[in-house]
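The structure appears right after this line, and notes come after that.
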Amino acid sequence: MTSNVALANNRSWLDFLRKTGVWVGILVVVAAIYGYTTEPQVTTSMLASTLRQSTPLVLGALCGLLGERSGVINIGIEGQMLLSAFVGFLANVYTGNLFIAVAAGVLTGALLGGLLAFMSVTLKMDQIIGGTVINILALGLTGFFYQTGLTTQGKLQPIALGPLADLPLVGPVLFENPPITYLAIILVFIMHYMLFYTRWGLRTRAIGEHPRAADTVGINVNRMRYINVSIAGGIAGLAGAFLTLEAVGSFERAMTNGRGFVALAVMIFGKYMPFGVWGSALLFGFATALQTQLQFSGTIQIPHQFIGMLPYVLTIVVLAGFVGRTRPPAAEGQPYETE
Amino acid sequence: MAIQASEKGPTSSFGERLASFWRSASVPIMAILLAALIGAIILLLSGANPIDAYAALFKGSFSNARAIGRTLEKATPLILGGLAVAFAFKGGLFNIGGQGQLLIGAIVSAAIGFGLGGLPFIIHMPLALIGGAIAGALYASIAGALKAYTGAHEVITTIMLNFVAINITDFLANGPWKDEGIVARTPAILETAAIPKLDNIPLGFFIAVAVAIIIWYLLFRTTLGFEIRTVGLNPNAAKYSGILVARLTVLTMAISGFLAGLGGSIETLGVVGRFQPGFNVGLGFDGITIALLARTHPLAVIPAAILIGAMQAGSSQMQFDAKVSFEIIDVIQALILFFVSAEMIVRWILRIRADGDGGVRLSSGWGQG
């Protein structure tokens with residue numbers, strides 16, 4: 001890998017797309033067409049489920065990406081998602097207003113992002129320990145305040161995008177989704193634009209690659225890390241809101257089920273690029289959708305526990321195969337000391 | 001930490017030793033007090049009386065011989081879980097996979113415990129004990145090998161392996177190793193494999209303490225321990241001094257997994273008597289708190305584990321007497337972890353200078369092998 005991958009943005013994501021994305025894309029399209037001609041209903045539900053399963057992973061990975069691009073490793077995504085899912089759920093129970101509920105989830109995530117920034121920037125704690133604190137804290141707080149028997153008034157419903165939703169296969173898969181699923185896709189584009197075409201993006205990449213140089217030209221490294229890690233936390237909060245307000249509609253203990261960690265693998269596999277992250281989240285979403293499909297259909301005689309391992313084993317394989325070939329931002333994990 | 005203080009040599013006076021002990025023990029002690037204080041505030045906010053809650057917690061963990069026995073019983077896997085994390089820390093690795101390694105160790109020891117009949121106690125029990133520990137070691141060395149040879153960060157791989165272990169053990173307890181009846185669990189272990197109890201005192205606790213001493217000796221008195229600590233402090237320097245870093249990474253993870261697996265074995269053979277899914281959930285995270293509370297020193301792991309074990313042992317009494325949900329324990333643990341790691345806050349409160357040891361630095365990006 002050349003040293004300026006992260007800054008030479010367009011070239012490398014095109015490279016990435018050429019190398020893996022195209023093959024995955026061709027495979028998916030061929031499989032989808034073949035599936036649609038033989039089993040239209042199963043194929044449609046599989047692809048729709050893939051997109052939905054990928055949503056929390058896209059959001060979690062975007063959270064990780066923004067943090068690491070700014071030089072802060074975030075392994076607390078799991079905890080940020082969990083507590084946001086819980087607070088969003090409670091807000092829905094007590095206000096009955098889904099908009100307020102989602103906002104409460106996002107705000108919770110942002111506050112936990114602020115806590116991570118406080119630990120890693122101000123206290124200069126080890127960032128991996130800091131993230132672990134968030135994970136354990138979220139597990140404890142949600143367990144302590146959780147009461148069984150709370151019910152909500154509904155969850156976010158799919159919005160059909162006019163005539164587009166009537167298209168065969170593509171319609172129900174892409175254009176008839178609940179709001180956070182759309183929002184996750186829009187955020188991929190926004191993140192790409194913001195990171196590579198705005199002054200904020202240039203500065204963010206600078207403080208993740210070479211904070212000293214950024215400081216020299218007058219960027220307030222630590223303040224910017226605070227802001228970015230908080231925004232990133234808000235994105236993880238949206239992923240949490242997705243779980244309780246869009247996907248399930250209720251809260252369960254430890255319901256994130258490792259998604260926050262899978263999201264980190266998604267981020268690495270996506271080479272710290274928003275579009276790469278989207279592609280790899282779709283792959284992981286597909287693995288989960290496949291797992292669910294296999295468990296329900298019962299066509300293959302494999303014990304369900306082995307199918308249940310699929311997303312986790314895939315994460316390990318992807319990490320083992322790709323981690324050495326991506327180059328993370330150079331300054332991640334290190335507190336920045338002003339002189 | 002008294003051991004560390006005495007290492008300064010015979011020349012240091014009692015006063016100096018006390019000062020040195022205070023420097024290393026003050027942060028953990030203050031962290032516990034601060035966490036208890038904030039825990040009390042959370043209890044107040046949730047409408048409970050914190051004094052009643054803490055009193056019940058103490059009553060349930062130390063008030064009589066049975067309570068103390070339960071505390072030591074709870075502390076046993078925690079000592080081993082804490083040692084597993086602390087040992088890996090010394091080698092620069094963060095093993096969050098204690099949970100998975102414990103599960104694998106527990107089910108393998110259960111299988112040896114119920115499957116091998118006709119052996120005398122003197123062979124059967126140690127065999128089941130060590131068998132589980134070795135299974136944990138092998139399982140952890142997967143993450144070690146992935147780290148050493150592909151650079152995949154152990155924090156993610158060990159967490160993923162936890163989920164894989166839950167599925168594997170769930171499959172075994174529902175399938176090939178299932179007991180008769182409808183409950184998903186293995187048959188009970190044979191009497192020859194059980195770790196005996198003396199009155200209220202679980203013998204497993206003494207095994208755990210002995211292992212802590214062995215690990216201390218291994219780390220601070222042997223060449224292997226020196227090499228592991230060197231890799232932990234500076235892998236590049238270790239490489240140039242001729243240490244085989246990759247091999248040592250696998251070995252460090254394996255020993256760490258051995259400890260967690262042993263925790264699973266002792267719990268199975270000494271407490272539960274069989275394997276059932278949902279066994280000792282959350283041990284991996286407890287181990288992290290304990291290791292950092294002990295500032296990664298193997299002997300300090302023992303009191304740290306007894307503290308957390310006491311909280312767990314007393315939590316049902318607290319739930320009964322003060323109507324406080326036992327998850328408050330997890331909140332307090334997270335706060336302890338926060339204050340122990342956020343040394344700066346505590347040192348500022350106490351106005352003491354840093355002693356320069358016990359700090360942990362792990363994050364240097366995902367790619368470094």
Side-chain angles (χ1 to χ4, degrees), chain A residues 68 73 75 78 118-120 122-147 253-254 257-258 261-262 264-265 268 303-309 311-313 315-316 318-330 332-334, chain B residues 42 46 94 96 142-143 145-147 149-153 155-157 159-164 166-172 174-175 281-282 285-286 288-289 292 324-335 337-338 340-345 359-369:
Chain A
E68 296 208 10
I73 293 176
I75 69 158
E78 177 90 357
F118 174 65
M119 290 190 285
S120 50
T122 304
L123 298 180
K124 300 184 174 34
M125 254 165 80
D126 183 272
Q127 293 174 0
I128 295 208
I129 308 271
T132 306
V133 168
I134 289 180
N135 288 333
I136 299 182
L137 196 64
L139 213 56
L141 285 176
T142 53
F144 180 64
F145 287 107
Y146 176 74
Q147 300 151 300
R253 285 201 173 95
N257 256 326
F261 296 99
V262 175
L264 284 172
I268 292 167
H304 71 88
Q305 293 95 343
F306 288 99
I307 303 168
M309 287 177 207
Y312 306 118
V313 173
T315 303
I316 294 173
V318 158
L319 269 184
F322 282 83
V323 86
R325 292 180 222 169
T326 57
R327 200 190 66 88
E332 68 172 16
Q334 301 151 13
Chain B
I42 295 176
S46 72
F94 193 10
I96 316 194
I142 299 174
L146 286 168
K147 166 87 171 189
Y149 299 109
T150 74
H153 201 285
V155 165
I156 303 179
T157 53
I159 280 270
M160 293 296 112
L161 286 169
N162 282 349
F163 288 101
V164 174
I166 291 171
N167 277 300
I168 292 175
T169 51
D170 192 55
F171 165 72
L172 290 172
N174 271 298
V281 198
F285 281 162
D286 296 340
I288 298 166
T289 310
L292 289 175
V324 172
S325 144
F326 67 86
E327 271 92 359
I328 189 68
I329 301 300
D330 295 339
V331 178
I332 294 175
Q333 272 193 42
L335 291 168
L337 180 64
F338 171 76
V340 167
S341 334
E343 267 189 39
M344 239 172 84
I345 298 181
V360 174
R361 279 273 156 222
L362 298 159
S363 34
S364 54
W366 303 115
Q368 278 82 0

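Residue numbers start from 1 in every chain, and the chains themselves are labelled A, B, ... in the order their sequence lines are given, proteins ahead of strands.
Heavy-atom distances place both the backbone and the side chain of I328(B) under 4.5 Å from chain A. Only the side chain of F145(A) comes within less than 4.5 Å of a heavy atom of chain B; its backbone N, CA, C and O stay farther away. Interface remark: I332(B) contributes no atoms to any contact with chain A (heavy atom separation under 4.5 Å). In this structure, no portion of N162(B) lies under 4.5 Å from any heavy atom of chain A.
The CG atom of N167(B) sits 8.0 Å away from the NE2 atom of H304(A) when rounded to the nearest 0.5 Å. Rounding to the nearest 0.5 Å gives a distance of 4.5 Å between CD1 of I129(A) and CZ of F94(B). In this structure, CD1 on I156(B) lies 8.5 Å from OG1 on T315(A), to the nearest 0.5 angstrom. The distance from atom CG of L137(A) to atom CG of L335(B), rounded to the nearest 0.5 Å, is 6.0 Å. For the atom pair I96(B) CD1 and N135(A) CG, the distance stands at 7.5 Å (nearest 0.5 Å). Atom OH of residue Y312(A) and atom OG1 of residue T157(B) lie 15.0 Å apart, to the nearest 0.5 angstrom.
Residues G143(A) and S325(B) come closest through the heavy atom pair O-OG, 4.4 Å. Across all their heavy atoms, A334(B) and V133(A) have their closest contact at O-CG1, 4.3 Å. Across every non-hydrogen atom of A342(B) and L123(A), the tightest pair is CB-CD1, 3.5 Å. Considering every non-hydrogen atom in both P303(A) and F171(B), the closest pair reads CG-CE1, 3.3 Å. Scanning both residues, L141(A) and V331(B), for their nearest heavy atoms gives N-CG2, 3.7 Å. Residues F144(A) and V324(B) approach most closely at CE1-CG1, 4.0 Å, considering heavy atoms.
At a threshold of 4.5 Å between non-hydrogen side-chain atoms, the residues M309(A) and I168(B) count as touching. Looking at M160(B) and V262(A), their side chains come closer than 4.5 Å, going by heavy atoms from C-beta outward. Side-chain contact check for L319(A) versus L146(B): every heavy-atom pair is 4.5 Å or farther apart.
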Checklist entry - Can you list the steps and then say if I73(A) with H153(B) is a side-chain contact (heavy atoms from CB on, under 4.5 Å)? => result CA-CA 12 Å; I73(A) 293 176; H153(B) 201 285; over 6 Å; no
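When N257(A), V313(A), L139(A) are compared by the number of non-hydrogen pairs under 4.5 Å with chain B, N257(A) comes out ahead. Your options are I159(B), V164(B), I142(B), and the one with the most heavy-atom pairs under 4.5 Å with chain A is I159(B).
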